K.L.:
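Let me give you the structure first, and then I'll get to my questions.
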Amino acid sequence: SDRLAVLWETVEQDDGKAWRVSPTSYVEWTRQDNNFVSMGLFRAGGWALTGEGDPEILQGLKANQAYFEVLGIEPLLGSVFNAEQDQPGGENVVLLSERVWKRRFASSPDVLGRVITLEGEAFTVVGVMPDTMVPAWPMPGARISFNHEHSQIWLPMQLDMAAPETGRSFICGSIARLGPGVTMEQAQEAMNVVAGRLKASSAAFEGLGVEVKSFRDELVGDLRPSLLILFGSVGLVLFIACVNVANLLLSRSTSRQQEFAVRIALGASRGRVIRQLLVECTMLGLIGGGVGLIMASFGIDLLGRLIPDGSPLTQSIGINGRILLFTLLVSIGTGILFGILPALRISHGSLREKLHSESRGSMPSGGATRIRNALVVSEVALALLMVIGAGLMIQSFRQLEKVDPGFRTDRAVTMDITLPPSQYPEWEQINGFFEELKERIDALPGVLNTTYAYNHPLESNWTGGFRIQGRPTPEPGQSPNGHFRSIGLDYFKTMGIPMLRGRHFAPEDDKDHPGVMIINEALVHRYFPNEDPLGQIVRYTTPYFGWGDAATVEFEVIGIVSDVKFLGVDQETAPGFYLPARQFPLNMMTVIATVETRPEAMMTALRETVWKIDDQLPVQGMSTMADIFWESVAQPRFIMLLMSLFGLIALCLAAVGVYGLISYTVFQRTREIGLRMALGAEQRDVLRLVVRRGLGLALWGIGLGLLVAFILTRVLTSLLFEVTTTDPLTFSLVPALILIIALLAAYLPARRATRIDPMTALRCE
């Protein structure tokens, strides 16, 4: 995969932003010297599978033969498309994904050669593709989906450049394999030269460029910063745990000084003593690593449920050979690294001192004490850093939850309907179906309102350009555009989107009447900052060939609605415009109904209502708007939960470290404390003496941790929403929490120290 690249077109008129690829550009790229061995083309689609079993929509892609050459993926059964099948007018063939093969065809090897019905046409199954991470849907904003739900079937592209809808439609994705020795930077330079040649040769390529991205970067996408931060968090937790072990080993080594002094006095070399201690520490590390693997095997299912749907992580997480090797190396490495210091200390120094250091009341050397103190201080500091990071993520997620998405999310049910073009080829048939469905659902008991639209409110797969009548041709980069919605009647009422000015769409707004448009506030602010948009005439300019000359292209602005978070609740509000479905019908729509009862209880009734109109029609994507909203914040919730878990573990480890050190100190100073109490010291004096030690270490750790946190929390900037990396509330509460826990950890052994019997302590000595 390190030799794979993803190609996008860039458009100067859109500030050089990356767009999807047009087939015309792809064809010209392949004719040029471009430093790629092969280059594939693909586009998204959905096909209704009917016949045996319940009808369903199989989401997948049309791909050319080069797509499979680039990826180098061999089918489980059969073969991929051949050159003849990939030509216009070629045979109707299809590849199935392994999941569909198992679920729909019971893993039967006889599936090869079987004829299935897609969109009312017969297709022959020629192969079954393994479930692996493949580029599936090229999405707006120049992103690729790797969701296995988007790669259920493959159809041959059969690219027909003579078709009017093919040429300059920016609807495809392109992947390529680098030539031998070619770097990604060299490929980008070569494609810049290609783009320059095309601009010089044809005005059709004016303002178009090419962006070459690493396939791995495309795969990980915006998860990379999150993964790096989580990896760093894991490292910090591991380090804190190892510091605890090192501190315990240092304490234990003091009590074993006599043992090893005797061994050395009887002839054992210092090297042999060091080896013995390192073997012990390595065994501890290996045992810990083994227990960790067992815990991980049980925790993977839980982690899988936390990972957002559609994330590439859902297909790659698991324990394999790499994980086992990594765990082995970390276990051995940490055992040696944090066992070497106690081993060196115990094998050096005066034998005479070690042989006479058996008194429990004797104090350890200043060097050992300073090392243990430094380790505890570092634990507290790192724990503070971890908890502050978790606190910032929690604060950020709380801010995210408070965001108003611009529409109602309660008691709303959604379902996706795709009408097969072979059965619903006409404008009136599409409008007639959705209007009849709306009437039938409205008549169901418990339904408040029903509507339909292209995409639900938190999704946008269509960006359209337009021109405003009476204005000069815009400069490059200033061309107006917005997120497009084709909607049915009662859309704004159903979704609870306020109409600020103007009127709603009416039944009369159809193809026999002038075109009308409703725009959002963001579009008003960007393109009508100093004038009234109502009554303005807007000409839609993005090519759409679905209805040919019958499509309305000029629309009068009749209303302004409040903004909706099309791109996600954590994104800036984008300009958007709405067209009536009666004037811009689409065969792929999301039906939305608001209900009085639990939304989940209405799903069966809604599905049956669809099948009463057409029992061969697939119903997909049944969900609630509340679930869709929570899915939209799944990634920040996932990061927040893991960071909080790591912070909690770090906090517990730091508390154990403070407790262990103070307990050891009390043990070492038993005689001293007994003498103090025999000479008149009261319990509160002993309590103050011991707690002060723990408090001092905690304060040093908190001070150091705050300093480090002020610097390192800046790496969280890209993950935070409306929270600064130096949030005063977090930086106030977390140190207070750490201090309280440290005091409690110091108080417990201090309390035990106050119960020392002076006579018993002195008699033991």
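Note that this is a predicted model, so its numbers are computed, not measured. Every heavy atom of this structure was used, including side-chain atoms; hydrogens, water molecules and symmetry mates were not.
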K.L.:
Are V6 and P135 side-chain neighbours, meaning at least one heavy-atom pair lies under 4.5 Å?
P.N.:
no

K.L.:
Is there side-chain contact between I388 and L706, with at least one heavy-atom pair below 4.5 Å?
P.N.:
yes

K.L.:
Enumerate donor-acceptor pairs with a distance under 3.5 Å from any side-chain N or O in residues 710-723 to protein atoms, sequence neighbours excluded.
P.N.:
| unit_1 | atom_1 | unit_2 | atom_2 | d |
| --- | --- | --- | --- | --- |
| T713 | OG1 | A709 | O | 2.5 |
| T713 | OG1 | T725 | O | 3.1 |
| T717 | OG1 | R714 | O | 2.6 |

K.L.:
Is any side-chain heavy atom of S644 closer than 4.5 Å to a side-chain heavy atom of M393?
P.N.:
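The answer is no; the side chains never approach within 4.5 Å.
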
K.L.:
For a side chain to side chain donor-acceptor pair (under 3.5 Å) check, start with the C-alpha distance between Q395 and Q399, then their side-chain angles and the critical distance, and finish with the verdict.
P.N.:
CA-CA 6 Å; Q395 285 280 80; Q399 292 296 113; over 6 Å; no

K.L.:
Are I639 and I229 close enough, and set up right, to give a side-chain contact (heavy atoms from CB on, under 4.5 Å), and what steps lead you there?
P.N.:
CA-CA 9 Å; I639 304 300; I229 288 170; 5.9 Å; no

K.L.:
Let me confirm one number: the CG-OG distance from L400 to S632, rounded to the nearest 0.5 Å.
P.N.:
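Rounded to the nearest 0.5 Å, the CG-OG separation comes to 7.5 Å.
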
K.L.:
Would you kindly say whether T414 and H456 are connected by a side-chain donor-acceptor distance under 3.5 Å?
P.N.:
no

K.L.:
In Å, rounded to the nearest 0.5 Å, how long is the span from OH of Y659 to OH of Y747?
P.N.:
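Spacing of OH (Y659) from OH (Y747) equals 13.0 Å.
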
K.L.:
Determine whether L278 and I274 make a side-chain contact, defined as any pair of heavy atoms from C-beta on separated by less than 4.5 Å.
P.N.:
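Counting from C-beta outward, L278 and I274 do come under 4.5 Å.
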
K.L.:
Rounded to the nearest 0.5 Å, how far apart are CG of L286 and CD1 of I332?
P.N.:
5.0 Å

K.L.:
Heavy-atom distance under 4.5 Å between the side chains of F566 and P457, does that happen here?
P.N.:
no

K.L.:
So which atom in K565 and which in D404 form the shortest heavy-atom distance, rounded to 0.1 Å?
P.N.:
CG-O, 4.1 Å

K.L.:
Could you tell me whether the side chain of W137 and the main chain of S145 form a donor-acceptor pair under 3.5 Å?
P.N.:
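Here the side-chain-to-backbone pair does not exist.
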
K.L.:
If we only count heavy atoms from C-beta on, is the V243 to L382 side-chain gap below 4.5 Å?
P.N.:
no

K.L.:
What closest approach, in Å, do L293 and I323 show between heavy atoms, and which atom pair accounts for it?
P.N.:
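Taking L293 first and I323 second, the nearest heavy atoms are CD2-CG2, 4.3 Å.
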
K.L.:
Tell me whether the rings of W630 and F397 are parallel (<30°), tilted (30 to 60°) or perpendicular (>60°).
P.N.:
tilted

K.L.:
Side chain of N244, backbone of L653: donor and acceptor closer than 3.5 Å?
P.N.:
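Indeed, once roles are kept as given, a pair shorter than 3.5 Å links the two residues.
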
K.L.:
Could you pull out all residues at least two apart from R411 that satisfy side chain to side chain donor-acceptor pair (under 3.5 Å)?
P.N.:
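Side chain to side chain donor-acceptor pair (under 3.5 Å) check on R411 returns nothing, list empty.
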
K.L.:
What's the verdict on side-chain contact (heavy atoms from CB on, under 4.5 Å) for F239 and E379, showing C-alpha distance, side-chain angles and the deciding distance?
P.N.:
CA-CA 8 Å; F239 183 79; E379 271 191 281; over 6 Å; no

K.L.:
Can you give the donor-acceptor pairs under 3.5 Å from side chains of residues 687-695 to other protein atoms, not counting sequence neighbours?
P.N.:
| unit_1 | atom_1 | unit_2 | atom_2 | d |
| --- | --- | --- | --- | --- |
| R688 | NH1 | D685 | OD1 | 3.2 |
| R693 | NH1 | T665 | OG1 | 3.2 |
| R693 | NH2 | N373 | OD1 | 2.7 |

K.L.:
Kindly give the heavy-atom pair with the smallest separation between M643 and G389, and that separation in Å.
P.N.:
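Minimum heavy-atom separation between M643 and G389: CE-C, 3.8 Å.
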
K.L.:
Which heavy atom of V376 sits nearest a heavy atom of G657, and at what distance?
P.N.:
CG2-O, 3.9 Å

K.L.:
On a heavy-atom basis, which atom in L392 and which in T724 lie closest, and how many Å separate them?
P.N.:
CD2-O, 3.5 Å

K.L.:
Looking at every heavy atom in both P735 and S732, which two are closest together, and how far apart are they?
P.N.:
CD-O, 3.5 Å

K.L.:
Taking atom CD of Q571 and atom OG of S460, what is their separation to the nearest 0.5 Å?
P.N.:
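So the gap between those two atoms works out to 12.0 Å.
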
K.L.:
Do the non-hydrogen side-chain atoms of V134 and T132 ever get within less than 4.5 Å of each other?
P.N.:
yes

K.L.:
Can the ring centroids of F407 and F629 be said to lie less than 6.0 angstrom from one another?
P.N.:
no

K.L.:
Mind checking the OG-CG spacing from S663 to L748? Nearest 0.5 Å is all I need.
P.N.:
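Answer rounded to 0.5 Å: 8.0 Å.
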
K.L.:
Do M640 and S396 make a side-chain contact, defined as non-hydrogen atoms from C-beta onward lying under 4.5 Å apart?
P.N.:
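Sidechains of S396 and M640: no contact.
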
K.L.:
CG of L385 to CD1 of I738: how many Å apart, nearest 0.5 Å?
P.N.:
10.5 Å

